[in-house]
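Computed from heavy atoms alone, side chains included, the values below leave out hydrogens, waters and symmetry copies.
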Amino acid sequence: MSPARLHRPRILTALALIANIWGCESAPASRPAEDAGPGLDAPPEADGGDKVLHVLWTIHVEGDSQGMQAGSPECLGPGYQGGGRFEGDLAGLEELAREAEGHVDTNGGHPKLHISPAGEFFETELDATYGGKVFRTFDWLALGHELGIQGHAIEYSGMPYCWPHRSDTPQGVEKKLVDAHGFAERWFNQGRKVNRGLTFTPGVKLDVGIFGDDRAATEAYLDHVGYRLGYRIAFEDWDGCIEDSPTGGASAPQYLYRADYGDGVTMYKICFQGAPTSECPVPYPRCETDVQAVARLDETLAALKADPDSSRLYYFAFATHSASFASPYDPARGEPAGTLAVLRRIDELVAAGERVEFVAPRELAARAIRGETTLGPLYFMALHIEPAIGGLTESEVLAQLYPGVRELLAHADGYGMKLTLMFGAPWGDYLRSDAQRSAELDGWLQRGHEIAAHHHAVCHRGWDGYSPLPQDQAEALRAQCWPQLPVSYAGSLDDLVAEVRKLDPFVRSGCMNEDGKWSELPGPIVYGTCSGYANFGTPGTGLKDGEATKALNEFVSVGWANGIERRWLTHAQTFTSETAAAALGVYAAADTVEVLGFIVHPSTVTEEVPALREVMDHLHARDPTGVRSLTVADAVRLGVLPEEQVVPPP
């Protein structure tokens, strides 16, 4: 992406004002409260809406190689892989988890760690010889902790255990995040993806030179790269939150806000002063002593209690490096002293009756999203961009659907809405083989639309030729289902995903014709919209396509298919003005904490394109800026809905 296309955030929505917060002694005075912008509605708390101080704790698992320069042939040796830094980071992480079990919030909950490793920590964990250790003591996901990635100043050389410092260019900065994300995406534990792909630590402090020390440009670039990879929350040092620190000087974070860059990219910003420690180097503006951290905690609570606006989401965030808690460590010195001082003060506040709650980043973002506006429920819109239509040639299908795709995208962009574009296999080559179409696709991605997969199974009239069955079995079954419409076998479902990933290498959502047959789900597609079940009422209740109520999602369905945990939403068909009106009737009656889904096939020879335009027009009247529009992946991952377990259809 070109730096010239990046801009300072155009709209910065304050979600939680924190006034009169200090950082280090060198920090400038905080901005006055009136500069923070209007507060937005937060969801009511269970006991009637009393103000709550949210506490977020991020653990930096550095694990990076020291001293290797870009292009260096030096690789990490057995000292890192078999023990050394990896084992030290892991031991410190486990010690922090044990420490967390000794503290509770007002609701009796323990701290929820945001675990943010650097790239080669992931590589080591994935290694058959040296890895497989991170979950040996704690099931981090079951305990409510969250894992993301950390954009430390390293990139993968392409050789095993070679992580030199990244080149000091925008491309080098992008590569370090892509490399870390690529390893994180391969990490599963007992069939569950460890990185839910929502929160990252960009590392602005490491990259300020790439645009001539322009921190705002660096932050924008990193946010754009992170957004492109699927991240929606930046949990970052204060100098990665320019709205909070507009001059680039040290400043404790004042509030959670949503940075809107005006081009479809938005990022929730959770910022902290630094890692509390008893030994602040001087001068070092990012440092926060244990005394200052406790004072910042107290002043945050005081600001919350003094604020007459009860809707604001106040939070206190801090960081700890896992290596600082590797044995042996001195609890009276350094980061252990700072971390323990903060935790002891939280214990005192809870004992005194103050309302404090430990949350993970995605929980805070979900509460912010639910409270941002009262204009109606959240919603997503998916386009089934067919892989094949019975009786039509591949070129005829592409020519018929592509104009409708472009028309609906232009309409959505005019309203700030996001679309989930579910492409069949032939579209990878069709869009990427032409320079103009490829550039257009890249523009869709940069504006925040999601690329997903779409598949027609063997007994669908328009089978796309891909199947989990061996070729002979697939073709024999096709001959039984549609003898008059033969289709040649094209490959496995993994082959299909490889074709779609020509459009976007990080495709993770789809509608794979899996309703009634979850065997049609390939490994990478972990979010879907075609489970065959309704997402309201009793979990696991079947509901046929064509029912308008299928638009309603009161929960996310969760189930295991082919040994991997999957998550589903549902959507209603809006193929005509009548079915669109019926689905919008469901939307009008829905609660603001529900998610509504709509689907069309973007064919310009049917009524479907005008029907979805009608849906967009109606939603735009309720949601003028498109703030409640989500992609399928975001609607699942952001945690705005509860989850319910389901089993495969009979």
Y415 and H620 aromatic ring geometry - parallel, tilted or perpendicular at 30°/60° bounds: parallel
Beyond-backbone contact of F318 with E288, side-chain heavy atoms, under 4.5 angstrom: no
Salt bridge (Lys or Arg N to Asp or Glu O under 4.0 Å) evaluation trace for R345 with E348: CA-CA 5 Å; R345 182 56 183 154; E348 292 170 356; 2.8 Å; yes
From R258 atom CZ to R232 atom CZ, the distance as rounded to the nearest 0.5 Å: 12.0 Å
Which residues share a side-chain hydrogen bond (donor to acceptor under 3.5 Å, both in side chains) with D105, sequence neighbours left out: none
Any residue meeting salt bridge (Lys or Arg N to Asp or Glu O under 4.0 Å) with E95, in chain and number order, not counting sequence neighbours: R98
No-hydrogen, no-angle side-chain donor-acceptor test under 3.5 Å, Y527 and D634: no
Verdict with supporting geometry, L297 and L349, side-chain contact (heavy atoms from CB on, under 4.5 Å): CA-CA 10 Å; L297 173 61; L349 295 175; 4.1 Å; yes
Cationic N near anionic O, under 4.0 Å, E146 to R362: no
Heavy-atom pair of closest approach, residues P377 and L596: CB-CD2, 3.8 Å
For L304 against V52, the heavy-atom pair lying closest together: CD1-O, 3.2 Å
Separation of W187 CH2 from F122 CZ (nearest 0.5 Å): 6.0 Å
Shortest non-hydrogen contact between D223 and A234, atoms and distance: OD1-CB, 4.1 Å
Heavy-atom donor-acceptor pair, D263 side chain to V265 backbone, under 3.5 Å: yes
Distance, nearest 0.5 Å, that separates CD1 of I270 from OG1 of T58: 9.5 Å
Trace of the side-chain contact (heavy atoms from CB on, under 4.5 Å) decision for E354 with L53: CA-CA 9 Å; E354 302 291 356; L53 175 63; over 6 Å; no
Under-4.0 Å salt bridge between K418 and E450: no
Donor-acceptor under 3.5 Å (T320 side chain, I59 main chain): no
Salt-bridge contact E363-K112 (side-chain N to carboxylate O under 4.0 Å): yes
Flag, side chain of Y329 to backbone of P336, donor-acceptor distance under 3.5 Å: no
Derivation and outcome, side-chain hydrogen bond (donor to acceptor under 3.5 Å, both in side chains), residues T201 and Q150: CA-CA 5 Å; T201 302; Q150 180 181 176; over 6 Å; no
Rounded distance [0.5 Å steps], CD1 in I149 versus CZ in F200: 7.0 Å
Residues D207 and K176 bridged, charged N to O under 4.0 Å: yes
Exercise: do D290 and S278 side chains pair donor with acceptor under 3.5 Å: no
N195 to G148 - nearest heavy-atom pair and separation: OD1-CA, 4.0 Å
Side chain to side chain, R344 and V294, heavy atoms closer than 4.5 Å: no
Electrostatic pair E357-R355, nearest N-O below 4.0 angstrom: no
Electrostatic pair D623-R628, nearest N-O below 4.0 angstrom: no
Salt bridge (Lys or Arg N to Asp or Glu O under 4.0 Å) assessment of E643 paired with R196: CA-CA 14 Å; E643 296 184 344; R196 294 286 293 277; 3.6 Å; yes
Stepwise side-chain contact (heavy atoms from CB on, under 4.5 Å) test for E279 and R333: CA-CA 7 Å; E279 300 171 342; R333 295 187 60 188; 2.7 Å; yes
Taking every non-hydrogen atom, the tightest pair across L630 and A635: CD1-CA, 3.8 Å
By side-chain hydrogen bond (donor to acceptor under 3.5 Å, both in side chains) - contacts of H321 (at least two apart): E62, E335
Distance (rounded to the nearest 0.5 Å) between T300 OG1 and H54 NE2: 13.0 Å
Under 3.5 Å: donor-acceptor pair, side chain of D260, backbone of T266: no
Worked verdict on W140 versus V134 for side-chain contact (heavy atoms from CB on, under 4.5 Å): CA-CA 9 Å; W140 304 101; V134 173; 3.6 Å; yes
Euclidean distance, R637 CZ relative to Y231 OH, rounded to 0.5 Å: 8.5 Å
Worked verdict on H103 versus F358 for ring-ring contact (aromatic ring centres under 6.0 Å, His included): CA-CA 10 Å; H103 304 272; F358 295 118; 7.8 Å; no
Nearest atoms (heavy-atom pairs only) where P361 meets I233: O-CD1, 3.5 Å
N553 side-chain N/O to T570 backbone N/O, donor-acceptor pair under 3.5 Å: yes
Aromatic centroids of F272 and F235 separated by under 6.0 Å: yes
